[in-house]
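Encoded as structure tokens, the structure appears first; notes follow it.
The basis for the numbers below is simple: all heavy atoms, side chains too, and nothing from hydrogens, waters or symmetry mates.
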Amino acid sequence: MHDIRAIRENPSAFEAALARRGLTGISTEILTLDSARRAKILASETATAAQNAASKEAGAAKARGDDAEFNRLRGLVAEKKSETAAMTLEADQLDRQLRDLLLTIPNLPLDEVPDGPDESGNVEIRRWGSPRNFDFIPREHFEIAGVKPGMDFETAAKLSGARFVVLKGAVIRVHRALAQFMLDTHIEEHGLLETWTPVLVKEDAMYGTNQLPKFAEDSYQTTNGWWLIPTSEVTLTNTVAGDLLDESALPIRMTAHTQCFRSEAGSAGKDTSGMLRQHQFEKVEMVTICTPDAALAEHERMTNCAQAILEKLEIPYRTIVLCTGDMGFGSQKTHDLEAWLPGQNKYREISSVSTCGQFQGRRMNARFKVPGGKPEFVATLNGSGLAVGRCLIAVLENGQQADGSVELPAVLHHYLGGKTKIAASGVLE
RNA sequence: GGAGAGGUGGCAGAGUGGUCGAAUGCGGCGGUCUCGAAAACCGUUGUCGGUUUGCGCCGACCCAGGGUUCGAAUCCCUGUCUCUCCGCCA
């Protein structure tokens with residue numbers, strides 16, 4: 001959410017930044033609403049002050065036993081009261097309208113973010129590793145002989161429908177190994193705090209990390225009003241909601257491995273084969289809470305944490321900066337990591353690392369202060385480190401052999417009881 | 001699910017109808033003392049909104065939302081969260 005004062009002080013800068021995301025004319029609407037709101041607040045507070053004064057006099061009259069005066073003032077208070085109530089109602093409505101409007105406006109891109117209408121405007125900033133030369137036509141993950149016995153879409157469809165999978169045997173063991181490996185690396189080498197969170201949350205949390213109010217159709221809600229998190233960015237970030245932290249507590253760098261749930265509304269027909277795009281998947285997430293000054297450096301740091309995972313797994317990847325037209329709603333700047341998938345002959349997104357500046361901090365009312373200083377909203381960052389299912393795909397496709405077996409990355413071996421490959425039969429050996 | 005207790009400032013914790021934005025302690029900030037520090041002592045210290053060039057003034061906030069009252073942290077109702085006991089249970 002944006003600071004109304006900043007918009008008021010410099011509407012043209014606000015407008016110009018939003019224009020880079022393809023939005024125009026919003027500042028006029030905001031400022032009109034804001035001045036109406038402020039006028040109403042002034043009127044309502046003036047009326048309240050008069051009511052309070054009369055009420056105080058009434059109390060004094062009563063105390064000295066002047067019943068006539070007391071009764072006169074009591075009538076006056078009653079009169080003022082209805083006037084106050086009406087105006088306060090209007091002021092509250094306008095205040096709410098403004099807030100509701102502000103909640104639907106995306107974050108402003110940083111100056112350094114490239115302009116562009118959609119993903120075609122993204123800019124590659126790093127490329128690591130080189131795709132292997134196959135002396136056979138590499139298959140997609142679900143086509144590999146050694147993978148097939150452990151990746152069962154038919155049974156999943158019976159249980160739950162499309163976009164679900166049942167994983168078995170060697171495949172799920174590698175999946176589990178990947179998650180453990182990611183967590184251990186983040187904890188031991190990157191200094192992140194391992195955290196475990198609920199996956200069902202209250203509405204407020206979904207507002208805090210901007211899934212709501214605009215993207216309700218992308219997530220699932222239970223019959224009693226909880227939301228299933230689409231990412232543990234929601235829970236990790238909201239751990240500080242409403243808090244006033246001491247600056248010395250920052251940065252807070254967390255990681256969590258959770259299930260994630262997404263309706264994938266609007267992506268019908270996209271990535272329908274294999275387990276690239278599922279309603280339920282696992283992700284190891286990274287979230288940092290820090291001061292606004294530190295956010296950009298933390299963004300680089302977090303990007304490096306995600307890249308380190310792919311490098312240790314020896315998966316070729318590239319890092320891109322998303323352009324203004326492709327960035328998420330809450331982001332000021334986003335790096336996407338795309339892993340090489342030989343089966344698709346493409347780089348595909350496996351991680352997205354964003355800094356949100358104070359955008360979410362303001363929504364959550366999460367603040368920090370230096371001793372003796374004024375409270376300020378915290379900055380927040382989030383990034384996948386990594387999507388476990390997609391990482392599994394990358395490991396399987398990159399490690400596949402002509403005979404249908406899969407060689408597994410060395411860093412996973414000790415998580416697999418010393419086993420190094422999935423045989424063409426589907427057995428770990 | 002049943003019964004009970006409770007949610008007060010950064011933290012702990014008083015306050016059961018006006019003089020309470022709220023005692024006290026801790027913490028923070030400033031000072032005295034000291035070569036310096038500690039201790040001790042003195043002073044100071046909530047947040048948000050509106051308004052003002054500024055000093056300041058006004059309004060709101062004691063979990064949230066309603067209500068009673070001239071007046072609510074305090075009384076009533078609803079919700080919510082926490083704790084204790086019982087039941088059930090991975």
- Query: What integer number of Å spans the P atoms of B/A72 and B/G21?
  - Reply: 11 Å
(request) Assign A/Arg37 to base, sugar-phosphate, or nothing according to its heavy-atom contacts below 4.0 angstrom with the strands shown. (result) sugar-phosphate
With sequence neighbours left out, the residues meeting salt bridge (Lys or Arg N to Asp or Glu O under 4.0 Å) with A/Glu189 are A/Lys312
From CA spacing to verdict: side chain to side chain donor-acceptor pair (under 3.5 Å), A/Asn382, A/Ser354
CA-CA 6 Å; A/Asn382 62 81; A/Ser354 299; 4.7 Å; no
Residues pairing under side-chain hydrogen bond (donor to acceptor under 3.5 Å, both in side chains) where one sits in residues 194-208 of chain A, two or more places apart or in two chains, turn out to be A/Thr197-A/Thr235
message: Looking only at the side chains, is there a donor atom on one of A/Gln211 and A/Ser219 sitting less than 3.5 Å from an acceptor on the other?
response: no
_Heavy atoms only, 4.0 Å cut-off, all strands: where does A/Arg8 land among base, sugar-phosphate and nothing?_
sugar-phosphate
_Looking at A/Arg38, I'd like to know whether one of its side-chain N or O atoms comes within less than 4.0 Å of OP1 or OP2 on B/U52._
no
Query raised in the report: Expressed in whole Å, how much space separates the P atoms belonging to B/A12 and B/G7?
Result: 13 Å
Given protein heavy atoms under 4.0 Å, the one-letter contact record of nucleotides 59-80 of chain B, with B base, S sugar-phosphate only and - none, is simply BS--------BBS---------
Between A/Asp34 and A/Ala60, whichever has its closest RNA chain B nucleotide further toward 5' is A/Ala60
Taking a pair to mean Watson-Crick or G-U wobble geometry with both distances below 3.5 Å, B/C83 pairs with B/G4
